[in-house]
Amino acid sequence: MIGNLSYEEIENIIKTLEISNSNLKKILDYYQSKTETGTMRIERFTMELENYINYLKKNTKIYKDADSAVQKIRELNS
């Protein structure tokens with residue numbers, strides 16, 4: 001658990017962000033050929049969104065691993 005969110009909830013957020021980002025990229029690809037104005041900002045946004053998704057994935061793994069380690073330590077000390 002991270003804060004008040006379960007790992008499953010965080011993984012669902014990650015999936016939603018990935019799908020949304022993918023859809024934005026498809027829209028950008030379509031309009032890129034028609035106009036270049038304004039798309040640069042959205043492209044930067046999608047890059048930042050990808051960075052955030054990767055950040056969430058890495059932190060979720062770290063927290064899961066830490067919870068596993070703490071659980072094993074507790075079991076050994078019982």
Side-chain angles (χ1 to χ4, degrees):
M1 200 166 181
I2 302 176
N4 294 329
L5 298 174
S6 69
Y7 293 121
E8 186 177 315
E9 290 170 321
I10 292 170
E11 288 166 354
N12 286 335
I13 291 170
I14 291 169
K15 286 177 192 172
T16 301
L17 287 173
E18 286 177 323
I19 291 168
S20 297
N21 198 42
S22 174
N23 290 337
L24 281 172
K25 284 182 165 192
K26 287 176 189 172
I27 292 167
L28 282 175
D29 288 342
Y30 175 77
Y31 283 105
Q32 188 74 25
S33 60
K34 301 191 182 311
T35 178
E36 302 232 351
T37 10
T39 57
M40 294 300 286
R41 279 189 238 164
I42 296 173
E43 284 177 345
R44 270 187 255 144
F45 173 76
T46 59
M47 285 175 35
E48 289 300 319
L49 190 53
E50 283 177 2
N51 289 336
Y52 184 63
I53 290 167
N54 290 330
Y55 168 81
L56 287 174
K57 284 180 177 179
K58 288 176 187 174
N59 277 333
T60 300
K61 182 172 177 4
I62 289 169
Y63 275 85
K64 278 184 176 180
D65 291 346
D67 282 351
S68 265
V70 168
Q71 183 62 32
K72 286 180 185 177
I73 291 169
R74 286 181 181 155
E75 289 170 4
L76 289 172
N77 288 330
S78 297

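For the single chain, residues carry numbers from 1 onward in sequence order. It should be emphasised that the depicted structure is a prediction, and the values quoted were computed from it without experimental measurement.
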For this session: Mind checking the OH-CG spacing from Tyr52 to Leu56? Nearest 0.5 Å is all I need.
Result: 4.5 Å
Problem set entry | From OG1 (Thr46) to CG (Asn51), nearest 0.5 Å | 10.0 Å
Problem set entry | Residue pairs, two or more places apart or on separate chains, that pass salt bridge (Lys or Arg N to Asp or Glu O under 4.0 Å) and touch residues 11-27 | Glu11-Lys64, Glu18-Lys57, Lys25-Glu50
Exercise. Tyr7 and side chain to side chain donor-acceptor pair (under 3.5 Å): which partner among Asp67, Asn12, Thr60?
Worked result: Asp67
Under the side chain to side chain contact (heavy atoms under 4.5 Å, CB included) test, residues paired with [X] that sit two or more places apart:
X	answer
Glu75	Gln71
Leu49	Leu17, Asn21, Phe45, Ile53
Lys61	Asp65

For this session: Using side chain to side chain donor-acceptor pair (under 3.5 Å) as the criterion, list what pairs up with Tyr55, not counting sequence neighbours.
Result: Asn59
